[in-house]
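In what follows, a single structure is set out as structure tokens and then discussed.
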Amino acid sequence: MTLHDYMALANAHYYATRDPLGAGGDFITAPEISQMFGEMIGLWLADLWARAGRPAVQYVELGPGRGTLAADALRALASAGCHPLAVHLVETSPVLRAAQARAVPDAHFHDDAATLPTDTPLLIVANEFFDALPFRQIVRTDAGWRERVLANDRLEWGRRFLPGLGTADVTAPAAFAPAPQGSVVESCPIGEAIMTTLATRIAAQGGAMLTIDYGHAGPAVGDTMQAVQAHRFADPFVEPGARDITAHVDFTALADAAVAAGVNVSPLVEQGDFLIRLGIGARSGMLAKQAPERRDELVAAMLRLTDPAEMGRLFKVMAAVDPDWPVPEGFA
């Protein structure tokens with residue numbers, strides 16, 4: 001079985017059968033750390049919308065967790081006078097859909113992007129969405145590039161990697177031609193396909209897409225596969241379907257797909273810099289003034305979101321925008 005197919009099956013079961021978020025789950029995302037994260041995203045969208053002439057828009061979120069980010073962002077949008085025609089959540093997990101329905105009662109649910117509205121601009125948010133999509137790994141062998149597959153000897157499932165039987169040279173970018181034997185290169189074709197679909201929509205309908213995830217500017221060599229369980233790193237090949245499996249996002253590949261579809265793409269920036277430029281410090285101070293007893297909590301949350309040693313550097317932010325819309329804030 002290829003690593004891609006293993007991850008697809010394991011994560012499909014994982015997300016369909018549990019709410020993995022929060023202290024009692026396996027991991028915590030930025031929206032669950034503080035309301036300030038979703039509020040900054042909402043205000044970013046509102047600013048872009050206002051400078052685009054305040055058109056009628058639809059709010060879209062991919063993999064929206066418990067709906068926390070959507071609820072916070074929509075509240076911030078409303079405070080700026082932006083009231084989307086509808087909220088569209090792309091989610092397949094019945095467990096998470098139930099939580100999202102409680103957080104955003106009027107939301108419309110979609111299994112994929114194909115059923116999103118086609119007649120109005122889209123304001124799209126994808127926070128920690130692309131990292132959980134199944135990816136491929138190819139490895140340089142003495143016989144050329146091969147796709148990694150997992151060996152199952154009944155006792156050591158997935159403990160051994162084997163090169164695939166067929167050549168994988170066609171999937172190895174030219175940049176990796178000099179890579180030494182044993183080098184691993186990752187790609188996420190489904191992620192690039194989703195970006196192409198949404199960027200094509202934006203180019204045709206108007207709007208923007210904000211992508212936030214942990215990852216890098218490619219091309220890069222290395223194995224970034226990891227799993228977490230109970231807020232600790234775990235073996236991705238133990239208890240398949242019971243642990244969250246992810247890989248670092250190649251933002252360059254996503255950017256290339258978006259540009260090819262006809263939209264403008266921002267520079268890639270670190271999450272910490274992005275949130276600071278948007279004014280998370282001022283928002284933290286405002287909330288602390290309203291509730292002084294929360295000051296330490298708010299400062300700690302802001303640092304976790306922005307500090308380079310926490311989420312501030314590892315997580316990156318990229319925007320894809322209709323060429324007829326203004327240049328977005330936060331990337332200068």
Using the rule that Ile, Leu, Val, Met, Phe, Trp and Tyr join whenever any side-chain heavy atoms are under 4.5 Å apart, tell me whether [X] and [Y] fall into a single cluster.
| X | Y | answer |
| --- | --- | --- |
| M195 | V259 | yes |
| V60 | W49 | no |
| L122 | L74 | no |
| V317 | Y214 | yes |
| F315 | M318 | no |

*When you look at N127 and D213, which way does the side-chain contact (heavy atoms from CB on, under 4.5 Å) test go after all the steps?*
CA-CA 6 Å; N127 180 63; D213 225 314; over 6 Å; no
Mark yes or no for whether [X], through its side chain, and [Y], through its backbone, hold a donor-acceptor pair below 3.5 Å.
| X | Y | value |
| --- | --- | --- |
| R51 | V327 | yes |
| D131 | G215 | no |
| S284 | G281 | no |
| N11 | I245 | yes |
| R201 | A114 | yes |
| R18 | Y14 | yes |
| D250 | G218 | yes |
| T306 | G272 | no |
| S187 | P189 | no |
| T2 | D5 | yes |

From [atom1] ([X]) to [atom2] ([Y]), nearest 0.5 Å:
| X | Y | atom1 | atom2 | value |
| --- | --- | --- | --- | --- |
| M311 | L303 | CE | CG | 13.0 Å |
| L96 | L21 | CG | CG | 6.5 Å |
| I280 | L275 | CD1 | CG | 4.5 Å |
| S266 | L210 | OG | CG | 8.0 Å |
| L62 | L198 | CG | CG | 6.0 Å |
| N264 | D322 | CG | CG | 8.0 Å |

Under 3.5 Å, is there a donor on one side chain and an acceptor on the other for [X] and [Y]?
| X | Y | value |
| --- | --- | --- |
| E128 | T29 | no |
| T224 | E186 | yes |
| H88 | H110 | yes |
| D223 | Q137 | yes |
| R243 | Q229 | yes |

If you look at every heavy atom in [X] and [Y], which pair is closest and at what distance?
| X | Y | result |
| --- | --- | --- |
| A199 | A261 | CB-CB, 3.6 Å |
| S183 | P180 | OG-O, 2.7 Å |
| Y15 | A132 | OH-CB, 4.0 Å |
| P31 | T68 | O-CG2, 3.5 Å |
| Q100 | G67 | CG-N, 3.7 Å |
| E91 | P64 | OE1-CD, 3.5 Å |

Any side-chain heavy atom of [X] within less than 4.5 Å of one from [Y]?
| X | Y | result |
| --- | --- | --- |
| F109 | P94 | no |
| P20 | D244 | no |
| I194 | F129 | yes |
| P84 | Q58 | no |
| V263 | V321 | no |
| V249 | C188 | no |
| L3 | R136 | no |
| P326 | L48 | yes |

*Please report the C-alpha distance between Y6 and F237 in whole Å, then the side-chain angles of each, then the deciding distance to 0.1 Å, and finally whether the ring pair (Phe, Tyr, Trp, His ring centres under 6.0 Å) criterion is met.*
CA-CA 9 Å; Y6 173 82; F237 304 115; 5.4 Å; yes
_Parallel, tilted or perpendicular: rings of W44 and F331 (30°, 60°)_ = perpendicular
*Could you check T211 against I124 for side-chain contact (heavy atoms from CB on, under 4.5 Å), going step by step and ending with a plain yes or no?*
CA-CA 8 Å; T211 300; I124 307 171; over 6 Å; no
_Contacts of type ring-ring contact (aromatic ring centres under 6.0 Å, His included), residue H231, not counting sequence neighbours_ = none
If you measure from the Lys or Arg side-chain nitrogens to the Asp or Glu carboxylate oxygens, is any gap between [X] and [Y] under 4.0 Å?
| X | Y | answer |
| --- | --- | --- |
| D273 | K316 | no |
| E329 | R277 | no |
| D19 | R66 | yes |

*Hey, mind stepping through M1 and M7 against side-chain contact (heavy atoms from CB on, under 4.5 Å) and telling me if it holds?*
CA-CA 10 Å; M1 176 183 289; M7 182 177 176; over 6 Å; no
*asked:* Working note: T246 + Q226, criterion side-chain contact (heavy atoms from CB on, under 4.5 Å); need CA distance, chi angles, decisive distance, verdict.
replied: CA-CA 6 Å; T246 60; Q226 67 180 43; 3.4 Å; yes
*Of the options E270, H248, Q271, which is the one that meets L314 in a side chain to side chain contact (heavy atoms under 4.5 Å, CB included)?*
H248
